[in-house]
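Contents: one structure, followed by commentary.
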Amino acid sequence: MELNIILPDGRELAVPEGKTAGEILKEFAPKYLKNAVAVRLNDEVLDLNRPLHTGGKLSVLTFDDPEGREIFWHSSAHLMAQAVKELFPDAKLAIGPPIKEGFYYDIDMDRTLTPEDLREIEARMQQLVKEALEIIREDLPINEAVRLFKEMGEDYKIEILSEIEDDSVSVYRQGDFADLCRGPHLPNTRAIKYPKLLSIAGAYWRGDEHNKMLQRIYGTAFPKKSLLEEYLNRLEEAKRRDHRKLGKELDLFSINEAVGPGLILWHPKGAFIRNAVETFWREAHFKAGYDLLYTPHIARLDLWRTSGHLDFYRESMFSPMQIDEVEYQLKPMNCPFHIQIYKSQLRSYRNLPLRWAELGTVYRYERSGVLHGLMRVRGFTQDDAHIFCRPDQIESEIVSVLDFTLFFLRTFGFEKFNIYLSTQPEKFVGTQESWEIATEALRRALEKKGVAYQVDPGEGVFYGPKIDIKIQDVLNREWQCTTIQVDFNLPERFNVNYIGEDGQSHRTIMIHRALLGSLERFFGILIEHYGGAFPMWLAPVQAAVLPITERHHEYAAGVAQALTNAGVRVFTDDRNEKVGYKIREAETQKIPYMIIIGDKEVEQDKISYRKRHKGDQGQIDLKDFIVMIAEEIAAKKITD
RNA sequence: GCCCACGUAGCUCAGUCGGUAGAGCACAUCCUUGGUAAGGAUGAGGUCACCGGUUCAAAUCCGGUCGUGGGCUCCA
């Protein structure tokens, strides 16, 4: 039988059934074969080595396609597994999927792997690449596959097989190695030119902490050296920007063992930045029709019983404390307090919406292993708000929250966002109808804003649907900041109502939202995003005045005073050091402007200034300089 | 919480085979008054995370605790 194939260049031809896509391309369109990792036949992604049994439109997938990369890394995972099995025949393989920037393989073996082992495995991989092993797919009846993996002692594969319901499965072989796999895969190991193993970590079998802990090897691989180098450079850059490192170097914050893990000490410069963020945040909220609240850090345990947190959030809360026979709880959330304020009087539909915001500090028990710098802590301040509104106001409220949060995030220099709409999960409270109304309102709000979003089906919280916004920083890493959640649970539990037009009591809709998320985490994100070089409006020190010798101290003091009077935050470095030394220090401290004062400046009554990262900018009148930077500050300009 | 690694001066890190600690930077004093990323000299700084064990002797070996890092799980 012949198959009708449309080649990537559009030509049509008939080929005998059973030819592989690789063979067809090699014969009729060899230039497409060069970087191909797999092909797409109509909508199906197939191995280049797989015999074709249907005709259709053939296109080529390369490393440049997301799907192509997945295949490439999946094959890389197999290659690593092969190397591991050759070096450690007793190792049992679990799973080895491709991930965002590479792959991992979970392995069960008695010996704990060392970094030296990694180097050896990597070297073995390079060897296998050179051997250019063909990767062959084989379809087996499931019982034969079970026999095969039993022979190989691959217990985990047998467990996986026991859950597969199809009659047959596919096995991929390269050399003496075989792995259970749906595929598709590269045609040959030689394509994996630049493999790189990165780290070893523990991981539970199937991600369940009741299961055995396996050893996970993370790695990546690229077809071109330049791509590997680029990737490694990006890792280096991420290390340079690490907020924990910069936090220390720039004296922004610390975490102290004597104080406790996950608890942040904001040093003067960090506190200054936080204050700048908070001031901006408060003013923006007033303008956007919010009122501000302050609420206590503890409350009677009963409040948390009513809210339900004691049931569904207990493992994240610190233990209660006993005060005068009554138990009190450190707050993990602000909502119950805001609800009590709402309930302090009867509310009319005319008063809604009420938008109440609080920079509320909450404490949550996080397992020790998950703490991470500013990103994951035990005490943090949410830029929280609760909007109490009528059902018909949900949509317009969400639209304004979306506008508001994008305004915030853009002000801080974030331009790329990934937006997710999470819908009803399996376990939920509230009525089906209210879920539909709320989810639709969120959806319409997103559509109205015209922003691209992704639906995460079933990923909503049990108490309502939500919109999450993740930002992408300069290194294209994703960070969760904004969350907007509709809540059917708390209004029910606390009996939160308003009196409608009809004189009847109606259930109030409650929307939780945090825009920056937590001030701690957002600070961490900012440090990494800016690499410690804060824009003028946030920089704790905006300009360093650097006199060259003692003769210039008096003039420098005048300059500093004039700047201070203009509201500029200045540091005068009148130490007994050479100007090069002072510049170096100001640069490493990432101070945006340096003002150098020497004989020339004193004589001509000017200043010389220097921009961080950019060097000498020449002479200028002090008043012109002040106008220039005042503009930069007022515009919250993001410079370098 | 679990797996693995780590914890030495304010910071970054050496410290061999067990014989009670060292560098650079920072800091202090002095010399130097120097024009765009480190001038020189001298000095002060350490219960080697903590607790216990082995040993004549522990930063070093063993056990435990605390903390940190990379992950797993979870999340602002």
Side-chain angles (χ1 to χ4, degrees), chain A residues 104 106 108 111-115 198-218 242 244-245 248-249 251 254-262 313 315-316 332-334 360-362 364-384 461 468 470 479-483 485 512-525 546-553 575-589 594-601 608-619:
Chain A
Y104 66 79
D106 285 347
D108 185 11
R111 170 190 175 135
T112 52
L113 290 163
T114 63
L198 300 164
S199 62
I200 317 162
Y204 301 106
W205 166 236
R206 308 213 138 153
D208 185 335
E209 65 188 51
H210 303 294
N211 288 341
K212 183 164 185 188
M213 170 114 8
L214 310 174
Q215 298 189 68
R216 175 172 295 180
I217 306 177
Y218 282 94
D242 190 317
R244 294 165 299 185
K245 181 171 175 283
K248 207 177 277 178
E249 284 170 6
D251 195 16
S254 64
I255 301 168
N256 184 312
E257 195 174 333
V259 173
Y313 208 71
E315 76 276 13
S316 296
M333 294 192 183
N334 305 303
T361 304
V362 297
R364 299 183 184 174
Y365 171 74
E366 297 284 355
R367 302 166 101 189
S368 59
V370 305
L371 300 174
H372 179 91
L374 294 171
M375 303 302 191
R376 199 65 189 277
V377 297
R378 285 183 173 159
F380 59 97
T381 301
Q382 290 181 307
D383 68 317
D384 206 1
V461 205
D468 287 331
K470 293 184 182 173
W479 302 100
Q480 156 101 50
C481 291
T482 305
T483 182
Q485 312 180 341
H512 308 254
R513 48 112 280 198
L515 307 183
L516 310 179
S518 94
L519 295 181
E520 284 75 5
R521 170 185 287 179
F522 193 70
F523 186 36
I525 296 168
L546 313 178
I548 289 172
T549 76
E550 268 167 36
R551 298 198 285 293
H552 312 115
H553 281 188
R575 291 178 303 176
N576 180 6
E577 295 290 352
K578 292 192 173 185
V579 71
Y581 182 92
K582 297 178 182 179
I583 287 169
R584 181 186 155 79
E585 188 161 291
E587 284 281 353
T588 52
Q589 285 298 303
M594 285 149 261
I595 294 168
I596 285 113
I597 304 298
D599 288 337
K600 282 183 270 177
E601 288 71 26
S608 273
Y609 77 104
R610 192 178 203 285
K611 247 177 149 153
R612 107 186 127 195
H613 307 327
K614 303 233 164 77
D616 192 3
Q617 305 288 307
Q619 290 192 344

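Reminder, nothing fancy here: chain letters follow the sequence lines and each chain counts from 1. Just so it is clear, the structure is predicted and the values come from calculations on it, not from any experiment.
Of the listed nucleotides (B:G71, B:C75, B:G7), B:C75 has the atom at the smallest distance from the side chain of A:R376. With B:G34, B:U68, B:A76 as the candidates, the nucleotide lying closest to the side chain of A:Q480 is B:A76. Out of B:G35, B:C3, B:C4, the shortest distance to the side chain of A:M213 is found at B:C3. Among B:G1, B:U36, B:A76, the nucleotide with an atom closest to any side-chain atom of A:E209 is B:G1.
At the heavy-atom level, A:E366 lies under 4.0 Å from base atoms of the strands shown. The residue A:G260 sits apart from the nucleic acid: no heavy atom pair falls under 4.0 Å. Heavy atoms of A:R111 sit nowhere under 4.0 angstrom from any nucleic acid atom. Residue contacts for A:K582: at a heavy-atom cut-off of 4.0 Å it reaches no nucleic acid atom on any strand shown. Here A:V579 lies in heavy-atom contact (under 4.0 Å) with sugar-phosphate atoms only. Counting non-hydrogen atoms under 4.0 angstrom, A:G202 reaches a base of the nucleic acid. A:R521 comes within contact range of at least one nucleobase, with a heavy-atom separation under 4.0 Å. As judged by a 4.0 angstrom heavy-atom cut-off over every strand, A:V362 is placed among residues making no nucleic acid contact. Nucleic acid contact class of A:G369 (heavy atoms, under 4.0 Å, all strands): base. Residue contacts for A:L371: at a heavy-atom cut-off of 4.0 Å it reaches the sugar-phosphate backbone alone, with no base atom in range. Residue contacts for A:E587: at a heavy-atom cut-off of 4.0 Å it reaches a base atom on one of the strands shown. A:E601 comes within 4.0 angstrom of a nucleotide base, judged by non-hydrogen atoms across all strands. Contact annotation for A:T114: no contact, since no heavy-atom pair falls under 4.0 Å across all strands. No engagement by A:D384 is indicated, since no non-hydrogen atom pair under 4.0 Å with the nucleic acid exists.
Contact check on A:R584 versus A:E577 returns no salt bridge, with no Lys/Arg side-chain nitrogen under 4.0 Å from an Asp/Glu carboxylate oxygen. Classification of A:R244 and A:D242 as a salt-bridged pair holds, one side-chain N sitting under 4.0 Å from a carboxylate O.
Distance check, rounded to the nearest 0.5 Å: CG of A:N211 to OH of A:Y204 gives 10.0 Å.
Rounded to whole Å, the separation between the C1' atoms of B:A59 and B:G7 comes to 11 Å. Distance check on atom P: B:A76 versus B:C4 gives 30 Å, rounded to whole Å. B:A9 and B:G24 are spaced 16 Å apart, taking the P atom of each and rounding to whole Å. Taking atom C1' in both B:C72 and B:U16, one finds a spacing of 37 Å when rounded to whole Å. Only the C1' atoms considered, B:U29 is 43 Å distant from B:U65, to the nearest whole Å. B:G69 and B:A37 have their C1' atoms separated by 31 Å, given to the nearest Å. To the nearest whole angstrom, the two P atoms, one in B:A28 and one in B:G15, are 31 Å apart.
Distances shorter than 4.0 Å separate some side-chain N or O of A:K248 from OP1 or OP2 on B:U12. Taking side-chain N and O atoms only, A:H372 has a distance below 4.0 Å to OP1 or OP2 of B:G70. OP1 or OP2 of B:G69 has at least one side-chain nitrogen or oxygen of A:R244 nearer than 4.0 Å. Look at A:R610 and you'll find a side-chain N or O under 4.0 angstrom from OP1 or OP2 of B:A37.
Classification of B:G45 as syn follows from a glycosidic angle within 90° of 0.
Using N1 to N3 plus N6-O4 or O6-N4 for Watson-Crick, or N1-O2 and O6-N3 for G-U wobble, each under 3.5 Å, B:G22 pairs with B:C13.
In this structure, A:Q215 contributes its side chain and A:L113 its backbone to a donor-acceptor pair below 3.5 Å. Formation of a donor-acceptor pair under 3.5 Å by the A:D383 side chain with backbone atoms of A:L516 is found in this model.
Side-chain atoms of A:E550 and base atoms of B:U33 include a donor and an acceptor less than 3.5 Å apart.
Checking A:T483 against A:S368, the closest nucleotide of RNA chain B that is more toward the 5' end is the one next to A:S368.
The aromatic ring of A:Y581 is not stacked on the base of B:A37, since the criterion of ring centres less than 5.5 Å apart with planes inclined by under 30° is not met.
The distance between atom CD1 of A:I200 and atom P of B:C3, rounded to the nearest whole Å, is 16 Å.
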